[in-house]
Every structure is written in structure tokens, then in C-alpha cells.
Amino acid sequence: MPAPTYLPESKHHLVTELADGLESAALTWLSGYFAGVAQGRQLPRAEPALVPAAVDTSAQKRLTILYGSQTGNAKRVAESLAEQVAASGLDYRLVRADGYATRELKDEHLLYLVISTQGDGEAPDDSLAFVEFLNSRRAPKLPQLQYAVLGLGDSSYPLFCGIAQSIDARLAELGARRLQDTGTADLDIETIAGPWREQAVLQAREVLKKPAAKGASITPLHPKTGKVTRERPFAAELLLNQTITGRGGAKDVRHLELSLEGSHVRYQPGDALGVWPVQSPLLVDRIVSLLGLDADEAVEHQQATRPLREWLSRHRELTVLTRPFLTAHAERSGSGKLQALLLPDAQESLKRLLANQQLADILESHPAPWTASELVAALRPISPRMYSIASSQAAVGEEVHLTLANVAYETATGPRWGAASNFLSNLREGERVDVFVEENTRFRLPSDPARDIIMIGPGTGIAPFRAFVQERSAAGATGRNWLFFGNPHFATDFLYQTEWQQALKSGRLHRLDVAFSRDQAEKVYVQHKLKERAAEVYAWIQGGAHVYVCGDANRMARDVQQALLDIAQQEGGMEAAQAKAWLDALAAQGRYARDVY
Ligand SMILES: Cc1cc2nc3c(=O)[nH]c(=O)nc-3n(C[C@H](O)[C@H](O)[C@H](O)COP(=O)(O)OP(=O)(O)OC[C@H]3O[C@@H](n4cnc5c(N)ncnc54)[C@H](O)[C@@H]3O)c2cc1C
Ligand SMILES: Cc1cc2nc3c(=O)[nH]c(=O)nc-3n(C[C@H](O)[C@H](O)[C@H](O)COP(=O)(O)O)c2cc1C
């Protein structure tokens, strides 16, 4: 950051140090703080650690916006809300759930929560402690509180926005007053989030008794510079598309290298790359032909007019079925079978159908008429897919590398594929793809390079650890690097095998444990390897090591978590509750971090 000339030179380093590594929310808070100092000492409230909640009365006049987010969507929506609130001249603070001092809850008067649902109806990692506190007996009665919750989720999951719903119910149970119904935003987030935010701002004005300030000057969180964002992606050229699994392997995994030249895009190890997929032309043709439509027909929807082909190729989900579409199609087709699937007692069958069938399958098996514009309006807008970045800019400069599993499978009625992984796998060198960086500040290397790290990344979960080892090597970090990797077979699925072997040889990687699950009669996974090495794993952690887990959220991340808890009990002589508190404390210190999907 360039130091402003009107600051005494002796203070320049303080500003630089203060801003270094802070998230935009914290920087915004600081700018408000200093603006307050400048305008006659009307100080916005200091951070909880500096001023005890008991002496703070300003909470009555201020809105707290709390967010919980795994992959950045809820964070982005909360930041937009903060921008709108700021534009109304209202006093607010924006806090990530793991930075919130829960003892302040009893003094809050106006609280907005924006939170996504993860796992099987679970909270994002940054909100686990907040949600646990709220559901505990320690949670205070909240008769003074007015609140609203906006949930982000995916309607193809059975517990759609489950966490938002349960927080809403709990706050009401604790005596708080709901200002508007809980918003449940599907992957086309803005359809629900936009109106929810508008309403939230109106209500905040009402509660804080503050009409919009005239001429209030706002520092936008996302200044409209030429910066690459989700909405303004960079068209990155593909430099390399290399299969890194062997022939006959269970999966087709690619190592991709993309050029960021000219984009000024910067990323940190731990961040993800957002990719906007383009649907397969074969699939678009199949859907158009199943419905007897004209691909060139111009379709107007929400102030945009495009040919149907373009809507379907770049702007609509075709490979992922959603509950709202299925509901509409069940009605149109008059199919009793589909309608029965939507009944409350058919949840499991519905879940299977949503996971295994795609739009074209349903259009074929249960025909129904759709016009082009009805179809565009009913299908879900396409979402970018995230890929953990597998490179460090310290090593690769203006490039970004990915480790991509191609989702492709056969069904009784023909081949099926995933939108983004198919698009990327078929991309040829020289072709371009729209990308942006999605920060993941919760998945960062230790700031102290002398700390040891333990990386657990089976399958494509290996990706960020390639970036970690590159970064630590370039920085000359002295801490040790221990990698746990797993996949079905040594011969076909040892991703980046030669790189790891060279890293071991040259001392950039210090320990490597591998679990090839199907190379012997008994299945062996990374959690088994962790437990085999229990004493050393525990010793590394107690010696200050950071633990990282990346990859499958459904089974692996849970089993690894259980293995860590078992290790604490076995090696540390802890009871189950103590082991949980130990792991929670590691997570709170940023020493147990997960990037799971
Ligand atoms: C933070 C984050 C990081 C990620 N990092 C990586 C990474 O480094 N490498 C990587 O390869 N992926 C990664 N993913 C997953 C990635 O974002 C996509 O979800 C994945 O590539 C599938 O997207 P798709 O568009 O190809 O499939 P979709 O079009 O979304 O899915 C099509 C159909 O296939 C089914 N399906 C989806 N995935 C699978 C699967 N694995 N097996 C069987 N069926 C499936 C779906 O249920 C659906 O019916 C990450 C996800 C997140 C959230
Ligand atoms: C592994 C995983 C599990 C998820 N589980 C659920 C779920 O149980 N219910 C739901 O409504 N959405 C679920 N989602 C969808 C997310 O809530 C949705 O993508 C949301 O926009 C993510 O917001 P975030 O980036 O702020 O975390 C899941 C997503 C992932 C990647």
C-alpha cells in the first residue's frame, strides 16, 4: 500500500503493518474507525477484544452483519449488504462468524446473519463454534434482539438451507424478534438475496431510526476498477492439459496449466479458481431436439435477449437437476411418478434421482411441452465451479495450475458428464476459459515459516498441497512438510508421483505416507495411515504443527476428523469431550483447516 504523504514518515510502517493480511471487512471497519476519529470523535465501536461488551452502549444504534461461508458466496452477499447499508448512512459492522465474540450477543439490538449450509445440513467451518454456542444452554435469552437470516444453499440437497432455518428457529426460541422471513437462496443466489437485502436495509433504517444520509460518501468494498471478479472474469488461455492418471485407472484426472498473463490476478496458496463452464454443444442440441425447439430463437429474459443456444450453453444449468424445475416439470408432464417423488415421504428416492439423473433424462423419460422462454425462465442460472489452486505464484508466476477429476460416467441410456469438468477436460491448448480467484483466507500456510505442516489430501485433495510445498520451498521455510495421500491404485492413481519423489529427495517434502485403497484385500485410506502414525502425528501437532485436510467432504473429511480425535484420546490420554475441545481449539487458532467439497 503506498503510504499517504500527509502521514508523518515515522507512521508509514504502522499503516502498512496494520493493513497487511487483513480481509476487506476488517479494512472497511478500519476506514470507518478513522473516519469517525476525523469527524469529531464519533468513534465506531472498537473491536470486541479492545472494549468489553458491558461498557458499550453503541450496539443499540448499530447493525451487526454476521456471515458464515465456506466458498465465499455468503461472504460476498454479506459484503453487498454492508455496501447497501453504508449507502444508507447506517452504522454497521461486518464480522465473519469465527471473529464474533459470542458474549456480545446479549447486547445486540439488530443482527443480520448470512450463512450457507454445508455437509448434510451443517454449518460452514467458520461458523461451527457460533452455531454450537447458539444451540447450547449457554446461549442467553435475547428479548432485545431484532434479526433476520439469509440462508444460502442448493435445493438439490435434502436439507436446503438447513443451518439458516435452524438458526432462525433458535433465535426465535431465545426470544428474539424476526424482522423478515428467512431467505433461502438457491444457487441463483441473487434471485432471493437481492430482494432480501433491499428489505433488510429498509428495516434497518426503521429500527435504527435513520433516514438515508444526504450525500453520504461511501467507500465501496468492491471498487469498480478493472479488477478480475466473478462477474468480470479473465479469459485465461490453456497452456497444458495433461492426463496424470494411468490407463485403466478408476478416474481420469488432469493437470491443467492456464495463463494469467496480463490479468494482474494474484492468488495465495489455499485459494480456489472459479471457472465459468460452457455446456457441451451435444447436450444443448439434445435438449433442444427433445423439446422440438429452435436453437436460434431469440429469447428475452430479465432484460437480456439472446438466442436459445447461447442461453443454454453459457447461462443455464443442464447437468444438475433442481427440485424447483422437477416440481414444475412434474406438473406439466402430469406424471404421477414424478409427483409422488415430491411428497415428503419420498425424500430418499428424490435425493437419488437428483444425484443420478440430468435434465435430458427427465425430458426423455417424462415428456412435457416447454416453450423456449418458459424453459430459460425455469432452469437454474449456471454457477461457476471452484477448483483448489495447485500452484504457487512464487514458483509459476503468471500461471495457475489445477488438478481436475473429469466427472464422466455411463448410464443405461448413454454417457453422462459434469458441465465444468467435461468442458475443461476437452479444452485444447490455446483455447480460453473465463476464470476468477476465490479467496480462502481460512486455508493458509502458517505465517511462521518454522512451523511444521501436516497435509492430508487424497484424490484431487492433493491440489492445494502442491501449491503449499512450492510456496514453502520458494520462501525457504524451515518447518517440515508431511503429506498423506491416497487413491485407489499405486500404478494408475499416484497423482504427481515423480514430483513428490523429487521433493522428498531434495528435502522440500519431509514425510510422505500413501494409502492405495484397492492394492490389497483390506481397504486402506488416509485415516488409517494417520492412525498408524498416531504418536508422531500427535507429537508434530503438540509441537505446533498446522493440520490441513482437502478433498471429499462426504466420507474422507469426517473419517479424518474422527482419526484426529482418536489420536488425541490415544496419545494425549484425553476423554472424548477433551479431544473435541482440543480439535476445536486448533481450528480456532487456524491450525486445523479444511478445504472440502
Ligand atoms: C472449494 C472447492 C474446491 C474444489 N476443488 C476441486 C479440485 O481441486 N479438483 C476437482 O476435480 N474438483 C474440485 N471441486 C469440485 C468442482 O468444483 C466440481 O464440483 C466438479 O468438477 C464437478 O463439476 P461439474 O460441473 O463437472 O459437474 P456437475 O455438472 O456439477 O455435475 C453433473 C452431475 O454429476 C454428478 N457429479 C458431480 N460430481 C461428481 C463426482 N465426483 N462423481 C460422480 N458424480 C458426480 C452431479 O451430482 C450431477 O448429477 C472443488 C469444489 C469446491 C467447492
Ligand atoms: C460439500 C457441500 C455440501 C453442501 N451441502 C448443502 C446442504 O446440505 N444444504 C444446502 O442447502 N446446500 C448445501 N450446499 C450448497 C452450498 O450451501 C451453496 O453452494 C452455497 O452457495 C455455498 O455458499 P458459501 O460459498 O458461502 O459457502 C453444499 C455445498 C457443498 C460444496
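For Thr102 and Glu104, the side-chain atoms include no donor-acceptor pair closer than 3.5 Å. The closest side-chain donor-acceptor pair between Ser116 and Gln70, if any, does not fall under 3.5 angstrom. No donor-acceptor contact under 3.5 angstrom links the side chains of Asp181 and Trp196, judged on distance only. Using modelled atom types and a 3.5 Å distance limit, the side chains of Thr245 and Asp493 yield no donor-acceptor pair. Under 3.5 Å, the side chains of Ser391 and Tyr267 contain a donor-acceptor pair of N or O atoms. Using a 3.5 Å distance cut-off with no hydrogens or angles, the side chains of Glu108 and Tyr100 do pair a donor with an acceptor. At a cut-off of 3.5 Å, with distance as the only test, a side-chain donor of Asn481 or Arg472 sits close to an acceptor on the other residue.
Here CG of Leu152 is found 9.0 Å from CZ of Arg76. Values are rounded to the nearest 0.5 Å. With values rounded to the nearest 0.5 angstrom, Leu504 atom CG is found 4.5 Å from Leu509 atom CG. The CG atom of Leu145 sits 6.5 Å away from atom CG of Leu171, with the distance rounded to the nearest 0.5 Å. Atom CD1 of Ile567 and atom CD of Gln527 lie 10.5 Å apart (nearest 0.5 Å). Atom-to-atom distance recorded for Trp482:CH2 and Ile456:CD1 is 9.5 Å, nearest 0.5 angstrom. The CD1 atom of Ile541 lies 5.5 Å from the CG atom of Leu564; values are rounded to the nearest 0.5 Å.
Remark: Gln470 pairs with no residue by the side-chain hydrogen bond (donor to acceptor under 3.5 Å, both in side chains) rule, at least two apart or across chains. In terms of the salt bridge (charged side-chain N to carboxylate O under 4.0 Å, His left out) criterion, residue partners of Arg480 (sequence neighbours excluded) are, by chain and number, Asp452. By the salt bridge (charged side-chain N to carboxylate O under 4.0 Å, His left out) test, Asp154 pairs with Arg380, sequence neighbours left out.
One finds a salt bridge joining Arg451 and Asp448 here, because a Lys/Arg side-chain nitrogen approaches an Asp/Glu carboxylate oxygen to under 4.0 Å.
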- Task: Under the side-chain contact (heavy atoms from CB on, under 4.5 Å) rule, what do Phe484 and Met455 come out as? Steps first, then yes or no, please.
- Result: CA-CA 6 Å; Phe484 286 86; Met455 303 167 281; over 6 Å; no
- Item | Stepwise side chain to side chain donor-acceptor pair (under 3.5 Å) check, Thr460 with Tyr597 | CA-CA 10 Å; Thr460 52; Tyr597 45 87; 2.8 Å; yes
- Give the intermediate values and the outcome of side-chain contact (heavy atoms from CB on, under 4.5 Å) for residues Leu66 and Tyr112. CA-CA 6 Å; Leu66 208 60; Tyr112 288 159; over 6 Å; no
- Just do the side-chain contact (heavy atoms from CB on, under 4.5 Å) check on Asp168 and Arg178 with the steps written out, would you? CA-CA 8 Å; Asp168 171 49; Arg178 182 187 300 114; 2.9 Å; yes
- Does the side-chain contact (heavy atoms from CB on, under 4.5 Å) test come out yes or no for Tyr157 and Lys351, once each step is laid out? CA-CA 7 Å; Tyr157 284 89; Lys351 191 176 166 185; over 6 Å; no
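Residues Asn487 and Phe494 have side chains not in contact (no heavy-atom distance under 4.5 Å, counting atoms from C-beta outward). Contact annotation: the side chain of Val275 never approaches that of Met386 to less than 4.5 Å [non-hydrogen atoms, C-beta and beyond]. Ser156 is not listed as a side-chain neighbour of Arg323, based on a closest heavy-atom distance of 4.5 Å or more. Put simply, the side chain of Leu134 reaches to within 4.5 Å of the side chain of Leu174, judged on heavy atoms. Using a 4.5 Å cut-off on side-chain heavy atoms (C-beta onward), Asp186 and Ile192 make no contact. For the pair Gln569 and Trp582, the minimum side-chain heavy-atom distance is 4.5 Å or more. Within the 4.5 Å cutoff, no side-chain heavy atoms of Val524 are placed close to those of Phe516. Side-chain contact between Phe468 and Ile453: present, with at least one pair of heavy atoms (C-beta onward) separated by less than 4.5 Å.
Between the side chain of Arg594 and the backbone N or O of Asp125 there is no donor-acceptor pair closer than 3.5 Å.
With a 6.0 Å cutoff to the six-membered ring centre and a 45° limit on the axis angle, Arg96 does not count as a cation-pi contact of Tyr67.
Annotation for His546 and Gly590: closest pair ND1-O, 3.5 Å, computed over non-hydrogen atoms. The two residues Leu150 and Ala193 have their closest heavy-atom pair at CD2-CB, 3.9 Å.
Residue Leu179 is tested with Val207, Leu111, Val149 for a side-chain contact (heavy atoms from CB on, under 4.5 Å); the sole match is Val207.
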